[in-house]
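The block underneath contains the structure these notes are about, expressed in C-alpha cells.
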Amino acid sequence: MFISQNRKIFFQKLAFDLAEINVGSTSSNPSVGCVIEKNGSIISSGYTSLNGRPHAEFNALNKKINFKNSSLHVSLEPCSHYGLTPPCTNIIINKKVKKVYFSVKDFDPRSKNKSLNILKKRKINTNTKLLNNFGLNFYKSFSKQFNNQLPIIDCKIALSKDLYSISKSKKWITNPYSRKLGNFLRSKYNCLLTTYKTINEDNPLLDCRIENLEKKSPSIVILDRYFKIKKNLRLLKNKNSKIYLLTFKKNSNKANFFSKKGVKVIYLKKTSNNNNLKEIFFLLKKLKFYRIFVESGLTFINALLNQKLINKFFIFKSSQYLRNNGKNTSEINYVKRLMSNKNKVLINLKGDSLYQTKTQ
C-alpha cells in the first residue's frame with residue numbers, strides 16, 4: 001500500500017513520542033520508539049525498556065501478530081550487531097516486515113549504515129532521514145558517546161519573585177506544582193550532579209517523587225573536593241539512586257562510613273587547575289553519564305555558566321517575595337539576563353513561572 005509523505009511523517013512523529021518515554025533511563029543505549037502499521041493502521045508499537053534492553057523493535061515485534069508486509073517506523077536505525085542481545089535486524093527479517101523507515105543513522109560504529117545493506121539484501125525497502133534534523137537533536141546526548149565532546153549538561157534553579165535563591169526561613173522557595181515538575185525533569189537524565197553545600201544545607205532526597213517514575217530517579221553525583229559532607233543525610237535513604245562522591249581529600253573514616261551506606265567514593269586527581277570543571281564532566285562521561293542534570297547553589301551554577309558548560313537552563317520563579325528572608329551566595333545578574341519573556345514557558349504552575357533557555 002502506498003503511504004504518503006505526510007503519513008510517513010505522522011508515524012515517525014509517533015515513534016519519537018514513544019522514544020521520549022524512557023529518555024534518560026536506558027543506560028548507555030539510546031531511547032528508541034517504534035510504530036508498526038499495516039494497511040494504514042497501527043498494529044503494534046514499542047519503546048526501549050528501562051536500562052536499555054530489550055530494544056524498541058523487539059518490544060514491538062515480539063507479539064502474536066501477523067507482521068507480514070507491514071511497515072516499521074523507528075526513530076533510530078535498527079541495530080545490526082550482536083551484543084548482549086541479537087540484532088534487531090534479525091527479528092525484522094524473521095517477522096517478514098516489508099518496509100523500514102527511520103530518521104537517524106546509528107552513531108554506534110558497530111551498526112552505523114549497516115542495517116541498510118542487511119535489510120536490502122532481504123528485499124526490505126528502507127527509507128531514511130524522515131525528520132532527520134529533529135532526530136539529530138533528539139539523539140544529541142547519545143551521539144556524544146562516540147566523540148570527544150562533553151556530555152549534555154542541563155541545569156535547574158529556583159528563585160523567589162525578588163530573585164533570591166535561598167530562603168532563611170523556609171525549606172522551599174517555589175510551590176508544589178513547580179517542585180513536581182522539577183521531579184519530572186529529573187527523570188529525563190541518568191545523572192544528577194550537586195555539591196556538598198547543597199546536600200549539607202538542604203538535606204534533599206533528590207529522587208523522582210512522582211508515582212511510577214520512582215525507578216527513573218537518576219544516579220546522584222556529589223562534588224565534595226575536601227570531604228565536608230555531613231553523615232546524617234536523608235539522601236542515604238534514597239533507595240532508587242546510585243550515589244557517587246567525588247573528592248580530592250583522603251578521609252578514611254568518612255570514606256568507610258559512606259561506602260558502607262552504598263556510596264561509591266571516587267578520588268579526583270589534583271591538576272594545575274582544579275577549578276576546570278570540564279575534567280569533572282569528562283570523568284562523568286567515563287562513568288557512562290551522558291545526560292547530566294545540575295541542581296546546586298548559585299555559586300556553582302555561575303561557575304558552570306562562566307565556563308560555558310550549560311546546555312539548557314530551567315529557571316523556576318516563585319510568585320512570592322522573600323525580602324529580608326532571602327539571600328544569594330553569588331551574583332544573580334547572569335541568571336537574570338536569561339529570564340526574558342521569549343524564554344518564558346507557557347505552563348500553569350499556579351502562580352509560579354518557568355523560564356527555559358539554551359545558553360550555548
Side-chain angles (χ1 to χ4, degrees), residues 20 23-24 137 140-141 150-189 191-195 197-199 201-202 204-210 213 217-218 220-221 223 277 281 291-323 325-360:
E20 179 68 32
V23 165
N137 185 62
K140 187 175 180 181
S141 59
L150 288 169
I152 292 291
I153 306 162
D154 294 342
C155 184
K156 161 189 167 288
I157 195 169
L159 300 172
S160 65
K161 189 159 186 161
D162 43 355
L163 303 185
Y164 289 112
S165 61
I166 297 172
S167 172
K168 300 175 186 177
S169 60
K170 56 184 180 180
K171 182 177 179 63
W172 308 109
I173 291 177
T174 52
N175 67 29
Y177 300 94
S178 291
R179 299 200 298 273
K180 191 72 86 172
L181 180 54
N183 274 245
F184 175 78
L185 289 175
R186 288 174 185 166
S187 73
K188 296 298 180 182
Y189 299 82
C191 173
L192 190 154
L193 176 64
T194 188
T195 65
K197 286 186 178 180
T198 297
I199 297 298
E201 292 172 8
D202 297 347
L205 276 171
L206 297 178
D207 56 353
C208 296
R209 291 183 297 281
I210 297 178
L213 289 185
S217 297
I220 297 166
V221 176
L223 181 58
L277 294 170
F281 288 108
R291 294 178 59 83
I292 299 171
F293 195 49
V294 177
E295 292 191 42
S296 72
L298 189 57
T299 301
F300 186 62
I301 286 173
N302 274 334
L304 295 175
L305 288 169
N306 288 331
Q307 294 187 34
K308 302 186 185 304
L309 296 175
I310 296 176
N311 171 57
K312 191 184 295 180
F313 200 175
F314 299 91
I315 305 169
F316 289 84
K317 184 181 177 184
S318 173
S319 61
Q320 304 295 317
Y321 292 94
L322 286 179
R323 297 187 173 90
N325 285 320
K327 69 174 184 177
N328 285 323
T329 57
S330 184
E331 62 91 17
I332 195 71
N333 291 334
Y334 199 153
V335 175
K336 185 178 179 181
R337 289 198 298 270
L338 299 174
M339 298 171 64
S340 66
N341 285 332
K342 69 177 182 179
N343 295 328
K344 194 171 184 178
V345 179
L346 296 177
I347 186 172
N348 183 7
L349 295 176
K350 304 296 183 180
D352 286 1
S353 302
L354 173 63
Y355 297 84
Q356 177 183 327
T357 180
K358 291 182 73 68
T359 60
Q360 294 181 8

Scan the side chains in residues 325-335 for donor-acceptor partners under 3.5 Å anywhere in the protein, sequence neighbours excluded, and list what turns up.
from   : atom 1 : to     : atom 2 : distance (Å)
Asn328 : OD1    : Ser165 : N      : 2.7
Asn328 : OD1    : Ser165 : OG     : 2.8
Asn328 : ND2    : Leu163 : O      : 3.0
Thr329 : OG1    : Thr299 : OG1    : 3.0
Ser330 : OG     : Asn302 : ND2    : 2.8
Glu331 : OE1    : Asn333 : N      : 2.7

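- Within the 3.5 Å criterion, the main-chain N or O of Thr174 finds a donor-acceptor partner in the side chain of Arg179.
- Around atom NZ of Lys336, no more than 12 heavy atoms belonging to other residues, nucleotides or ligands sit under 6.0 Å away.
- Under the 4.5 Å side-chain criterion, counting only non-hydrogen atoms from C-beta, Leu193 is not in contact with Ser296.
- For the pair Asn183 and Leu213, the minimum side-chain heavy-atom distance is 4.5 Å or more.
- Within a 6.0 Å radius of NZ in Lys168, other residues, nucleotides and ligands contribute more than 12 heavy atoms.
- Every salt bridge (charged side-chain N to carboxylate O under 4.0 Å, His left out) that Glu20 has, sequence neighbours left out, goes to Lys188.
- Using a 4.5 Å heavy-atom threshold, the side chains of Leu322 and Lys170 count as touching.
- Nearest approach of Glu295 to Thr198, heavy atoms of both residues: O-CG2, 4.2 Å.
- A distance-only check finds a donor-acceptor pair linking the side chain of Ser217 to the backbone of Cys208 [under 3.5 Å].
- Counting non-hydrogen atoms of other residues, nucleotides and ligands closer than 6.0 Å to NZ of Lys350 gives a total of 12 or fewer.
- Two residues are said to be in side-chain contact when any heavy atoms from C-beta on lie closer than 4.5 Å; Leu159 and Ser318 fail this criterion.
- Between Leu181 and Ser178 there is no side-chain heavy-atom pair separated by less than 4.5 Å.
- Look at Arg209 and Asp207 and you find a salt bridge, because one of the NZ, NE, NH1 or NH2 atoms lies within 4.0 Å of a carboxylate O, short of that distance.
- Between Phe293 and Tyr189, the ring planes lie parallel to each other; the angle is under 30°, not in the 30° to 60° tilted range.
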